[in-house]
Q: 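Handing you this structure, nothing more for now.
Keep in mind the model is a prediction, meaning the values are calculated, not measured. Just follow the structure's listing: the first ligand is 1, and inside any ligand the first atom is 1.
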Amino acid sequence: RTAEILRANQKLIALGRLTASIVHEINNPLESITNLLYLLEVDPSSEHRQEYLELAQSELSRVVQISRQTLNFSRESAGPVPVHPSELIEEVLTLYGRKIADKQLQVEREFETAETVKVLPGEMRQVFSNLIANSIEATAPGGRLRLRLRSARNWADQGVQGLRISVADTGSGMPAEVRSRIGEPFFTTKGAQGTGLGLWVSRSILHRYGGGLQLRSSVSGAHHGTVFSVFLPTNMRPQAVVASRAASVASTPQ
Ligand code: ADP
Ligand code: MG
């Protein structure tokens, strides 16, 4: 009982922190939109008119970007269904087809199993979309993405059975100071182009399934690049689900 209440409390605290940082993050662009509209109102024929409008538009699209990445994953009506992760991956690759072609990236697939996982497809699509988008962004033209799907019998040495899906790229890799901040909401090295929510959201989704995200990255040598491995359990017992929920609350970034 006490443990349950404590857990619920921790969850609320984590949620409160996230809400505060989202409000903060959305407030800046909203303030600047307000200012730009004011400038246009007091001087509708200003020579900077076009500039103000463009700025307001780009601030607005940042707000939209943040709200999309934050809310999408909590909104899906239908319950979990068995899906082949490879199908979701193919959908995401189609979505990014244009960017992949523009950068002339080579895409390799190694799908070694036809096992399914029971998930909300939209959520899992979002996880793969976040990882694949990051890999595309980090990789120089002519680089390579490798997507692997295989069975995992003993994840994190806990005897949990499931699937491991990895997204590997030949991109820039992450220096230690970036690696240590992965999973912090709003941490981005992409300035206004990034939201810093992709990995945070992905990790929260995976934790709710009793799964997780692992990272290997190297910035130097012939094999620079990054590998993100998603683990999804296939034989989750109810107790294990409760335990992993607690773990996900405990590991919510402070
Ligand atoms: P965003 O992409 O909006 O910056 P993410 O949460 O998706 O936010 O990623 C956070 C940061 O992690 C990125 O800004 C980048 O520095 C780093 N990162 C993520 N994926 C990769 C990758 N595949 N290669 C190199 N760096 C990455
Ligand atoms: Mg991203």
Side-chain angles (χ1 to χ4, degrees), residues 14 17-18 21-22 24-26 28-29 58-74 88-89 92-93 95-96 98-100 103 105-109 122-148 164-208 211-231 248 251-254:
R17 282 210 184 92
L18 178 70
S21 41
I22 289 171
H24 176 80
E25 207 68 19
I26 280 180
N28 293 336
S58 94
E59 295 287 49
L60 199 55
S61 65
R62 179 159 175 79
V63 174
V64 171
Q65 207 183 347
I66 290 171
S67 79
R68 258 197 211 131
Q69 272 194 304
T70 321
L71 294 178
N72 266 2
F73 76 104
S74 58
L88 300 178
I89 291 172
V92 172
L93 286 173
L95 208 70
Y96 289 115
R98 185 68 197 268
K99 281 186 182 161
I100 291 171
K103 274 199 162 177
L105 302 180
Q106 216 178 304
V107 179
E108 288 171 14
R109 298 160 172 84
E123 283 192 335
M124 216 40 67
R125 207 179 286 121
Q126 196 182 353
V127 170
F128 297 136
S129 167
N130 287 334
L131 297 180
I132 290 172
N134 281 343
S135 283
I136 294 172
E137 284 157 10
T139 307
R144 193 177 65 227
L145 306 187
R146 176 184 283 159
L147 301 153
R148 289 188 75 186
R164 180 187 284 278
I165 302 123
S166 62
V167 179
D169 62 56
T170 56
S172 51
M174 295 180 206
E177 64 270 21
V178 171
R179 266 199 317 264
S180 68
R181 299 194 59 188
I182 288 308
E184 244 176 70
F186 299 113
F187 172 71
T188 180
T189 57
K190 299 171 190 170
Q193 310 292 75
T195 61
L197 286 173
L199 291 175
W200 189 86
V201 165
S202 301
R203 179 168 281 174
S204 331
I205 291 174
L206 293 168
H207 281 170
R208 277 191 288 123
L213 194 58
Q214 284 173 349
L215 159 68
R216 267 186 302 142
S217 189
S218 163
V219 285
S220 55
H223 295 289
H224 62 86
T226 300
V227 187
F228 272 103
S229 292
V230 164
F231 175 79
S248 100
S251 64
T252 299
Q254 304 296 297

Q: Any atoms of ligand 1 less than 4.0 Å from a non-hydrogen atom of Thr195? List them with their elements.
A: 3 (O)
Q: Specify whether an N/O/S atom of Asn130 falls short of 2.8 Å from the Mg ion (ligand 2).
A: no
Q: How long is the straight-line distance from NZ of Lys190 back to CG of Asn134, given to the nearest 0.5 Å?
A: 4.0 Å
Q: Does any N or O of ligand 1 fall below 3.5 Å from an N or O anywhere on Leu199, backbone included?
A: yes
Q: Relative to ligand 1, is Thr226 under 4.0 angstrom through side chain, backbone, both or neither, heavy atoms considered?
A: side chain
Q: Ala138 to ligand 1: N or O pair under 3.5 Å?
A: no
Q: Does Trp200, backbone or side chain, put an N or O under 3.5 Å from an N or O of ligand 1?
A: no
Q: Going by the rule salt bridge (charged side-chain N to carboxylate O under 4.0 Å, His left out), which residues pair with Glu177 if we only count those two or more places apart in sequence or in a different chain?
A: none
Q: With atoms numbered from 1 as shown, which atoms in ligand 1 lie under 4.0 angstrom from a non-hydrogen atom of Gly198?
A: 5 (P), 6 (O), 7 (O)
Q: Output the list of atoms in ligand 1 that are nearer than 4.0 Å to some heavy atom of Phe228, sorted by atom number.
A: 20 (N)
Q: Quick one: which ligand 1 atoms are inside 4.0 Å of a heavy atom on Gly194?
A: 3 (O)
Q: Who passes ring-ring contact (aromatic ring centres under 6.0 Å, His included) against Phe231, sequence neighbours left out?
A: Trp155
Q: Gly196: heavy atom below 4.0 Å from ligand 1, yes or no?
A: yes
Q: Between Lys99 (side chain) and Ile136 (backbone), is there a donor-acceptor pair under 3.5 Å?
A: no
Q: Side chain to side chain contact (heavy atoms under 4.5 Å, CB included) with Ile132: which of Val127, Asp169, Leu147?
A: Leu147
Q: Can you tell me how far apart CG (Leu131) and CD (Gln126) are? Round to the nearest 0.5 Å.
A: 10.5 Å
Q: Please tell me if the side chains of Ile205 and Met124 come closer than 4.5 Å, counting only heavy atoms from C-beta onward.
A: yes
Q: Examine ligand 1 and decide if any of its atoms is less than 4.0 Å from a heavy atom belonging to Asn130.
A: no
Q: Looking at side-chain heavy atoms only, is the closest gap between Leu95 and Arg125 below 4.5 Å?
A: no
Q: With heavy atoms under 4.0 Å as the rule, classify the contact between Ile182 and ligand 1 as side chain, backbone, both or neither.
A: side chain
Q: Under 3.5 Å between some N or O of ligand 1 and some N or O of Ser172?
A: no
